[in-house]
Amino acid sequence: MHDLGGMEGFGAVEVDPEEPTFREPWEARTFAVAGGALAAGGFNTPMFRHAIERMDPGHYLTSSYYEHWLTAVATLLVEAGTIAPTELDARAGGFPLSHPAAVGAGDVDAVAPRETPRFAVRDDVRVRDVQFPGHTRCPRYVRGRRGVVVRVDPAAPIPEVEAHRRERVLDPSYSVRFDAAELWSEASEPNAFVHVDLTERYLEPV
Amino acid sequence: MHDLGGMEGFGAVEVDPEEPTFREPWEARTFAVAGGALAAGGFNTPMFRHAIERMDPGHYLTSSYYEHWLTAVATLLVEAGTIAPTELDARAGGFPLSHPAAVGAGDVDAVAPRETPRFAVRDDVRVRDVQFPGHTRCPRYVRGRRGVVVRVDPAAPIPEVEAHRRERVLDPSYSVRFDAAELWSEASEPNAFVHVDLTERYLEPV
Amino acid sequence: MSDDHGHHPRPLSDVERRARALEELLTEKGVVSREFIDRVVEAYAEDVGPMNGAKVVARAWVDPAYKERLLADGSAAIAEVGFGGPEGGHIVAVENTPDVHNVVVCTLCSCYPWPVLGLPPTWYKSPPYRSRMVREPRALLAEMGCDVPEGAEIRVWDSSAEARYLVLPERPAGTDGASEEELAALVSRDAMIGVARP
Amino acid sequence: MSDDHGHHPRPLSDVERRARALEELLTEKGVVSREFIDRVVEAYAEDVGPMNGAKVVARAWVDPAYKERLLADGSAAIAEVGFGGPEGGHIVAVENTPDVHNVVVCTLCSCYPWPVLGLPPTWYKSPPYRSRMVREPRALLAEMGCDVPEGAEIRVWDSSAEARYLVLPERPAGTDGASEEELAALVSRDAMIGVARP
């Protein structure tokens, strides 16, 4: 449910100009607990993100940012066997966790690291139209769409591999510029462009 | 949030084999109230569906089918001025309604009815890659995808026009067959096909 | 207000309070009458929907000419057996064979052939079913206890427009001597949606 | 357990009970120490994030060579002013001009340049902002009180990988004599996200 770019029906953005960094004490403590537990358990950021992404969509949309953190950290620790769901339930009176992962390490191919970029600034590219049922950082709204490279970034770890195989394998990385008309057809605003950061494996030449 | 085809992360289908037609008395009464109110107010089915589709996504995913009906009917009646939100709130102690429509009658072109089909069985077609921010019956997961016509149906009212202009304008209608590999790329199951019913305005020749 | 509202021994839930508020407001304003509501509730109290569909299926199993008419024009053939009404204007029957398994979904809402199956069960209307059946039908069918042979093609029907689908299951083996009535008793609602075999 | 937990005059909410359960279990099992938790909470209690960003922006406004370095290598130029840390490894500064308005979003989660802006506000993490900013940026910016001239191009930056974005707003007119410190006081967090003008 996390892949929200372009989705409809969420209504107005509500801004609280007086909002403190943490709205309630449990949020600050959860932020700290999460940081400590992720480090202690050796869970990398893609694993953490994926655990948030695996929350039940209804729960994801009706809970706050730090409840996402809380749910994801508890899920990772349960999956690692550090804590038991019964321990959480007994103390909290019910503790909803994220759904199990749809893919495992075996579903992601081992790949060799690559650091030399295939594309250069001003190259036309198309985002590969792939649907991967695990963790990915290729937003749905750009899949199959044409854009142009506007920045070549340092090679970055492949999110799929890091999340599911716990390995950091580098791939060249780019900022790609899309015309809003390419993304949203007739419904697009004029003179608007969206720049999305994508690793090379998401892209193909046009 | 209603356009669910192909979305991920919802977990297992839970079946209650003993489920009665209505699980609670209020569901049966809401079913009846909705039928009566929609008829009395002259609200057509696309308007009703759109009022459900306009529910806040978090509310949509965490509420039951008949709560969708309840919310949509109350929203239509409030928008028509038949009842006031304050009346609902006073009696119910809070009554969440759907978000306002993102498009109005003026955003949908008046079109002439058409009944003679342009396509025939076995014709290859592509679903037009259009994103309309109002009511549509063109599911997101087939947009831009190639399929083949397998059945020519009687002309049917155009959902966009009926929902937003309250006019029944006919358009030829088809059942279109898509190979799962065309829809879901590498993640698809072999030997699986999805047949989707689409009005002609959603289609273009290949 | 109907009698129903007097029977709650517990406090009303949020949604019950909302349902009651809407019903009260609309009856007080004369938009809908209590009589109408009570009548509809009563009419659907005993939902015999799936039994209707089972009669249609059994007829098609015993009468090849009827089956041909059913596959050619579902609504007309179903009307022959006496069924019709809302959500039944354009019913399409799709036939299971050893090589083809059909299954029905509505990804956008919950379209369903009311005259032959009644009102849809909760799981049919649920996000897991609606999201997954078009994307991983074989896996989901297996999860639901319906194993489709590897060689058989799966056809998912997404009822996104006016057509409503009825799956005509294969007649079970060993029922050669059975009467039409006995056959109808073998046909489950789930088999006519395509998530079970009869 | 920290003192915080003694201060609740009301019953704990569901999420508070869950947060407490997890903290208790992890401290009892020795996975995380109370001291670590308390130290982190204290460190972030006074989040001066946006003030850091404002100093960077003011410096760029008064020092053209610094601005050039900032636009060429954000993280390095920001480190010159003394800021860095988590989520700051690859900061990219994007410059507003009369012809270009930049705005930042993270559609997949809530990526944000912590060293210069602190932790993100709730609205930045909310589904309405994340879903709409890439699809209707001009309309949403106007709704949020930031009118972008019709002729100006809007550039939305979706932080979907390692880069984190800082918007360098235009220096307001009539600030020619202002000191770097006075200028920093004019720079709002929202201007550095791109949903306001300073």
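Each chain gets a letter, A, B and so on, in the order the sequences are listed, and its residues count up from 1.
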Compare every heavy atom of [Y] with every heavy atom of [X], then report the nearest pair and how far apart it is.
{"X": "C:Ser159", "Y": "B:Asp197", "answer": "CA-OD2, 4.4 Å"}
{"X": "B:Gly36", "Y": "C:Val32", "answer": "C-CG2, 3.7 Å"}
{"X": "B:Gly94", "Y": "C:Arg18", "answer": "O-CG, 3.7 Å"}
{"X": "B:Asn191", "Y": "C:Arg138", "answer": "O-NH2, 3.3 Å"}
{"X": "C:Cys109", "Y": "B:Arg137", "answer": "SG-NH1, 3.2 Å"}

Hey, are the side chains of [X] and [Y] touching, using non-hydrogen atoms and a 4.5 Å cut-off?
{"X": "C:Asp158", "Y": "B:Val142", "result": "no"}
{"X": "C:Asp38", "Y": "B:Arg29", "result": "yes"}
{"X": "C:Val41", "Y": "B:Phe22", "result": "no"}
{"X": "C:Val15", "Y": "B:Ser63", "result": "no"}
{"X": "B:Leu77", "Y": "C:Leu26", "result": "yes"}
{"X": "B:Ser175", "Y": "C:Tyr165", "result": "yes"}
{"X": "B:Pro190", "Y": "C:Glu150", "result": "no"}

Name the region of [X], side chain, backbone, both or neither, that has any atom closer than 4.5 Å to a heavy atom of chain C.
{"X": "B:Ser64", "value": "neither"}
{"X": "B:Glu27", "value": "neither"}
{"X": "B:Arg49", "value": "side chain"}
{"X": "B:Tyr141", "value": "side chain"}
{"X": "B:Ala12", "value": "both"}
{"X": "B:Arg140", "value": "neither"}
{"X": "B:Glu19", "value": "side chain"}
{"X": "B:Ala37", "value": "both"}

Within a 6.0 Å radius of atom CD on C:Glu95, are there more than 12 heavy atoms belonging to other residues, nucleotides or ligands?
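Yes, because the 6.0 Å sphere around CD of C:Glu95 holds more than 12 heavy atoms from other groups.
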Counting heavy atoms not belonging to C:Glu28, are there more than 12 under 6.0 Å from its CD?
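Yes, the 6.0 Å shell around CD holds more than 12 heavy atoms from other groups.
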Pick from [options] with the largest number of heavy-atom pairs that fall under 4.5 Å of chain C:
{"options": "B:Glu24, B:His68, B:Arg23, B:Glu53", "result": "B:Arg23"}
{"options": "B:Ala74, B:Ala90, B:Pro139", "result": "B:Pro139"}
{"options": "B:Tyr66, B:Phe178, B:Phe95", "result": "B:Phe95"}
{"options": "B:Thr30, B:Thr71, B:Leu61, B:Ile83", "result": "B:Ile83"}

Contact winner vs chain B - [options], heavy-atom pairs under 4.5 Å:
{"options": "C:Glu143, C:His90, C:Glu162, C:Arg39", "answer": "C:His90"}
{"options": "C:Asp14, C:Val103, C:Val92", "answer": "C:Val92"}
{"options": "C:Ala163, C:Pro86, C:Cys106", "answer": "C:Ala163"}

Toward chain B: residues of residues 122-137 of chain C with heavy atoms under 4.5 Å:
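Residues C:Thr122, C:Trp123, C:Lys125, C:Pro127, C:Pro128, C:Tyr129, C:Arg130, C:Ser131, C:Arg132, C:Val134, C:Arg135, C:Glu136, C:Pro137 are the ones that qualify, each having a heavy atom under 4.5 Å from chain B.
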Which of parallel (below 30°), tilted (30 to 60°) and perpendicular (above 60°) describes C:Trp114 and B:Phe31?
tilted
Is chain B contacted by the side chain of C:Ala152, its backbone, both, or neither, given a heavy-atom distance below 4.5 Å?
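Backbone only.
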Could you look at C:Leu108 and say if it's the side chain, the backbone, both or neither that has a heavy atom under 4.5 Å from chain B?
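When you check distances to chain B, atoms from both the backbone and side chain of C:Leu108 fall under 4.5 Å.
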Using atom types as modelled and distance alone, determine if a side-chain donor or acceptor of C:Glu23 lies under 3.5 Å from a backbone N or O of B:Val33.
no
